[in-house]
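Every chain is numbered from 1, with letters handed out A, B, ... down the list of sequences.
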Amino acid sequence: MKLTLHIWRQKDANDKGILETHIADDVSEDMSFLEMLDVLNEDLILQDKEPVTFDHDCREGICGTCSLTINGRPHGHEKATTTCQLHMRKFTDGEEIFIEPFRAKAFPVIKDLVVDRSPFERIMQAGGFISIHTGAAQDANALPISKINAELAMDAAACIGCGACVAACPNGAAMLFVSAKVSQFALLPQGQPERQKRALAMVNKMDAEGFGACTNHYECEASCPKEVSVRFIAKLNREFLGASLFEH
Amino acid sequence: MGLFSYLKSTILSKIVMAGTGVILVLFVFGHMVGNLQILIGREVFNTYAHFLQSLGELLWLVRIFLFICLILHIITAIRLYFLNKSTKPAKYQVKAYVRSTLSSRTMIYGGIAIFLFLVYHLLHFTAGVADSSIYGHVERYGPLGIFERQDAYYMVIAGFRSVPVSLIYIVGVIFLAMHLNHSVQSMFQTLSIAGPRLTPVIVRFSRIFAFIVATGYILMPLTIMLGIVGGGL
Amino acid sequence: MRLESGIPSGPLKDKWDKHRFEMKLINPANKRKYSIIVVGTGLAGGAAAASFAELGYNVKAFTYNDSPRRAHSISAQGGINSAKNYQNDGDSIWRLFYDTIKGGDFRSREANVYRLAQVSTNIIDQCVAQGVPFARDYGGLLANRSFGGAQVARTFYARGQTGQQLLLGAYSALSRMIGAGKVEMHNRKEMMDIVLIDGVARGIVTRDLTNGKIESFEADAICLATGGYGNVFFLSTNAQACNVTAAFRAYKKGALFANPCYTQIHPTCIPVSGDHQSKLTLMSESLRNDGRIWVPMKKGDNRPPNQIPENERDYFLERKYPSFGNLSPRDISSRSAQEVCDEGRGVSVTGYGVYLDFEDAIGRLGKETIEERYGNLFEMYERITGDDPYSTPMQIYPASHYTMGGLWVDYNLMSTIPGLHVLGEANFSDHGANRLGASALMQGLADGYFVIPYTIANYLAQGKLDKAGTDHPEFKKAEQEVKEKINKFLSINGKRTPTSFHRELGQLVWDNVGMGRNEAGLRKMLEKIPAIREEFWDNLKVTGRSEDMNMVIEKAGRVADFLEFAEIMAWDALEREESCGAHFREEHQTEDGEALRDDEKFSHVAAWEYKGVGNKPLRHREELEFENVKLAVRSYK
């Protein structure tokens with residue numbers, strides 16, 4: 001396959017950035033998207049040019065590190081797929097591909113396609129946990145949890161924290177990410193003692209970090225590689241409203 | 001805590017959008033049902049209009065309540081618009097949308113259009129400023145015509161006889177329907193009435209609702225403009 | 001050097017209790033006067049950092065990722081073992097202990113493994129309390145499955161994402177402590193060297209990956225939880241950034257490296273598809289519970305799998321190991337797959353692959369059940385290969401997956417450098433020559449939550465060290481060396497990329513210290529590595545600047561260490577003249593091709609001491625004493 005790649009190059013957060021065009025002319029359809037970029041980068045290094053910097057790690061779709069916007073869609077056009085799991089057989093010979101970083105004010109570009117997603121860290125630190133210290137737990141089976149709730153909690157917990165929801169959202173909102181964590185714990189009995197506190201702390205932190213507001217476009221759900229449902233955003237609204245009204 | 005401190009919170013803001021939205025949607029629907037009585041005839045329509053007028057203070061209470069909802073809706077919308085605009089300082093060179101719709105992405109513009117239309121509508125029919133010739137007519141009714149009341153029927157028929165006026169209304173209603181198409185289902189989602197089975201139903205309902213509202217409201221200017229209703233006046 | 005494992009005396013069952021009582025404590029009010037550096041924030045590091053902070057220590061934690069949640073622990077799919085015996089099927093702490101010792105082919109310490117089995121039950125309690133959504137039965141209680149050859153169902157799981165959920169549990173605990181100000185978290189900082197003052201580990205030197213800044217950090221104790229070295233093979237199931245650098249720096253500063261030749265090859269990975277391949281993807285071992293493994297009977301049979309009739313298929317694991325069949329241990333399954341492929345009966349584009357077939361299982365259980373059990377794995381497989389496992393058999397082949405070897409540690413998880421502790425996959429301690437499925441998560445969390453928080457106090461309580469300050473000459477010297485090394489990378493300006501060296505080295509290691517090893521191959525490898533290393537320092541091309549985010553520099557540094565490290569793997573494999581667990585020396589096998597252990601000569605841990613680049617390291621021995629189990633020949637027939 002031969003492809004024309006338009007890749008975003010940006011030296012650092014202050015640089016304006018520009019799309020740079022490269023031709024990849026020996027692309028195998030068995031390559032993953034990132035392997036295609038690896039091959040390009042090897043060539044660039046040998047030509048004494050700086051390779052394209054992009055984030056990636058596990059390459060099996062679970063660590064949430066990779067973060068490319070491909071043809072205007074975070075993680076590309078394949079449903080429920082991270083960039084690293086997107087394979088070149090999903091593209092056609094001669095195609096033009098635009099590769100950009102995840103864009104949002106809260107995620108400034110560090111270099112090229114690498115962005116700073118530390119706001120997610122701070123949201124987690126504000127309340128994304130159950131306060132239990134090591135060793136304090138009771139027997140694991142002392143607390144039966146209905147299979148339905150356990151499964152639903154797992155649906156929410158499947159979030160890999162990649163930030164595609166923010167990148168896809170026309171409003172740069174982080175509701176899907178926050179709602180997944182808040183819902184996971186709100187669905188489990190272990191999460192009840194801090195339920196209201198958590199919802200308030202995480203949402204307030206989210207607002208303070210400069211994310212936008214949800215207007216229910218649902219672009220987040222469509223881009224989520226783990227198909228985290230927007231029903232959790234609905235749940236988050238209820239959790240937050242309840243906490244705002246009734247928190248002591 | 002000031003009255004508008006909720007604006008600092010994204011979620012409270014959208015809950016206010018949805019909450020006021022519910023009121024406004026109910027009003028829009030009720031208003032439509034009421035107005036459709038014009039298709040039945042002068043007697044029924046004027047009775048309805050007179051009933052509303054006769055509510056007196058209560059009518060004003062409702063009006064003030066609706067006005068407050070509207071203002072909150074608008075203020076919150078403006079605040080969210082600027083917030084959401086600020087979160088994407090660098091635009092994508094190429095952007096593909098998947099689930100969002102034209103309606104959902106143009107809420108603010110649709111909203112502005114609806115607001116302008118609303119101002120015109122109030123000036124036109126409620127205050128009678130836009131066209132004073134249609135306003136202030138009186139209908140005599142009852143045995144021997146001993147009672148008199150405002151002739152709302154005449155006002156509407158005469159108003160919509162004008163093709164430009166009717167067209168303005170039709171366009172305004174199309175904006176309204178587009179707004180509702182997204183906002184009705186959005187309201188449910190924001191108010192946490194959502195689920196994997198429920199949401200698709202609500203989305204469909206939202207679409208159908210918008211269509212019904214559009215049809216209902218367009219029916220009046222359209223039939224009058226074409227002389228199908230009120231032709232004998 | 002005499003290796004003191006420090007195993008407490010007394011009956012096996014009481015050792016850990018007794019030891020916990022005998023260890024020194026630190027007064028709660030004094031804990032805040034101590035600081036601990038934790039490098040790596042996966043299961044072991046994350047759990048340790050959070051637990052230390054909860055106890056009151058000041059923690060500085062480091063990861064080269066942009067978040068602790070990205071650590072490669074996240075990729076573990078199958079589950080975590082625990083001796084809960086919730087299924088009433090005869091499990092016990094003793095059985096988990098015995099299975100682990102036996103699974104490790106009697107090359108691990110009894111006391112360590114017993115402790116691991118003991119605390120395994122606490123881990124599940126802890127994780128559930130953190131909100132980890134383990135799979136449950138309709139009654140609301142925890143579900144279990146049998147995993148990786150175990151004959152009891154003791155594996156807890158969260159769909160195919162158990163590692164992710166456990167890591168997110170540890171990450172949430174860590175996040176809480178970061179938020180509370182008790183952990184100073186350093187994301188995107190890679191440890192470049194370790195600093196010893198008067199022979200004691202006192203700090204680390206890091207490189208900020210966003211701007212290249214070289215910094216020093218000091219503490220009273222250091223924990224390395226930096227994972228395994230599986231990427232020495234270039235192609236492995238490890239994440240791209242996984243490397244041996246932190247452990248290798250410690251080794252070069254005097255820590256012994258134990259059993260580096262014990263590397264686990266996982267039998268169920270997606271085969272290589274071409275030269276562009278950057279990693280191999282593991283398909284959870286749980287697939288072997290229902291899938292049947294086979295190859296065509298005939299060599300070079302190119303028919304599509306569906307057209308090969310039943311009697312022309314060789315279900316080689318079921319044939320050779322009737323009682324365990326497709327669930328035979330990882331090393332046996334892997335080696336058998338290689339054998340049939342070497343015979344020319346392999347499938348896939350390269351001829352190195354075997355079928356994993358679900359046709360029978362779908363017929364027996366229905367597609368729905370299979371979908372419920374493996375749906376996300378099947379989807380993942382289809383995404384990568386383009387084939388639908390519901391209708392055509394999967395193709396799998398073994399790949400490097402986990403490394404049992406690691407820095408030598410005593411019972412307290414301290415290396416031979418005082419103050420330097422090593423946790424999780426980075427140490428060598430619990431899995432012997434082979435790790436059981438679903439035991440890596442268990443060990444990482446055991447070390448992090450339930451072992452090191454106790455044992456580190458014992459070290460710290462020996463006396464408060466005077467503050468040296470990061471201006472101390474040893475820190476400055478280490479910083480200088482790191483800078484010089486990076487400048488060297490940038491100045492060579494040769495013609496080969498770091499990746500090309502890595503690929504070349506990886507192939508060499510895979511061919512010679514992969515599934516089967518022999519003397520000739522190992523000697524050849526030991527001859528070749530210095531030449532590659534020489535070329536590396538002569539012909540390397542690194543672009544860009546050291547002051548920017550520069551992934552070529554990062555890669556070069558990691559490859560440089562692999563190029564030295566591969567040699568000790570080869571030495572270890574060469575000198576361990578027996579076959580045990582994952583280490584299969586072709587010279588040492590029974591007539592029917594089974595591993596032949598030599599308990600008389602090799603019932604010991606080999607721990608290697610650094611003696612300079614290119615020089616043969618010095619081999620030390622820690623004898624393994626088995627007082628509670630009888631050494632038996634592993635038989636899965």
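- A search for side-chain contact (heavy atoms from CB on, under 4.5 Å) contacts involving B/F65 returns B/I23, B/C69, not counting sequence neighbours.
- If you measure heavy-atom distances from A/Y218 to chain B, the contacts under 4.5 Å come from both the backbone and the side chain.
- Looking at B/L12, the atoms closer than 4.5 Å to chain A (heavy atoms on both sides) sit in the backbone and in the side chain alike.
- If you measure heavy-atom distances from B/S86 to chain A, the contacts under 4.5 Å come from both the backbone and the side chain.
- Note on B/R105, B/Q93, B/K91, B/M107: by heavy-atom pairs under 4.5 Å with chain A, the leading option is B/Q93.
- For A/K235, the salt bridge (charged side-chain N to carboxylate O under 4.0 Å, His left out) test picks out A/E239, with sequence neighbours left out.
- For chain B, no part of A/V109 is nearby; none of its heavy atoms comes within less than 4.5 Å.
- Heavy atoms closer than 4.5 Å to chain A are found in the backbone of B/K8, but not in its side chain.
- The distance between the ring centers of B/F125 and B/Y169 falls below 6.0 angstrom.
- Of the two parts of A/A208, neither the backbone nor the side chain holds a non-hydrogen atom closer than 4.5 Å to a non-hydrogen atom of chain B.
- Using a 4.5 Å cut-off between heavy atoms, A/E219 contacts chain B through both its backbone and its side chain.
- The candidate with the highest count of non-hydrogen atom pairs below 4.5 Å against chain B, out of A/N204, A/T69, A/L236, A/V203, is A/T69.
- Both tests do not hold together for A/R195 against A/F185: distance to the six-membered ring centre under 6.0 Å, angle to the ring axis within 45°.
- Neither the backbone nor the side chain of B/S13 comes within contact range of chain A; no heavy atom of the residue lies under 4.5 Å from a heavy atom of that chain.
- Taking B/R99, B/K95, B/H182 one by one and counting their heavy-atom pairs under 4.5 Å with chain A, the maximum is reached by B/R99.
- Only the backbone of A/C169 comes within contact range of chain B, judged by heavy atoms closer than 4.5 Å.
- Relative ring orientation between B/F117 and B/H121 is described as parallel, the plane-to-plane angle staying below 30° on a 0-90° scale split at 30° and 60°.
- For A/F211, the part lying under 4.5 angstrom from a heavy atom of chain B is the backbone only.
- Relative orientation of the B/F27 and B/H31 rings is parallel, given thresholds of 30° and 60° on the angle between their planes.
- Of the residues considered (A/R231, A/K16, A/R238), A/R238 shows the highest number of contacts with chain B, using heavy-atom pairs under 4.5 Å.
- You'll find the ring centres of B/H179 and B/F115 outside the 6.0 Å limit.
- At most 12 heavy atoms of other shown residues, nucleotides or ligands fall within 6.0 angstrom of atom CZ in B/F175.
- Between A/F102 and A/H75, the distance separating the two ring centers is shorter than 6.0 angstrom.
- The local environment of NZ in A/K11 is sparse, with at most 12 non-hydrogen atoms from other residues, nucleotides or ligands closer than 6.0 Å.
- Contact count versus chain B (heavy atoms, under 4.5 Å) is highest, among A/C220, A/G212, A/S229, for A/G212.
- The choice from B/S183, B/A96, B/A18 that makes the most heavy-atom pairs within less than 4.5 Å of chain A is B/A96.
- The local environment of CD1 in A/I18 is sparse, with at most 12 non-hydrogen atoms from other residues, nucleotides or ligands closer than 6.0 Å.
- For A/T215, the parts sitting under 4.5 Å from any heavy atom of chain B are the backbone and the side chain alike.
- Residue with the most contacts toward chain B among A/F232, A/F240, A/F98: A/F240 (heavy-atom pairs, distance under 4.5 Å).
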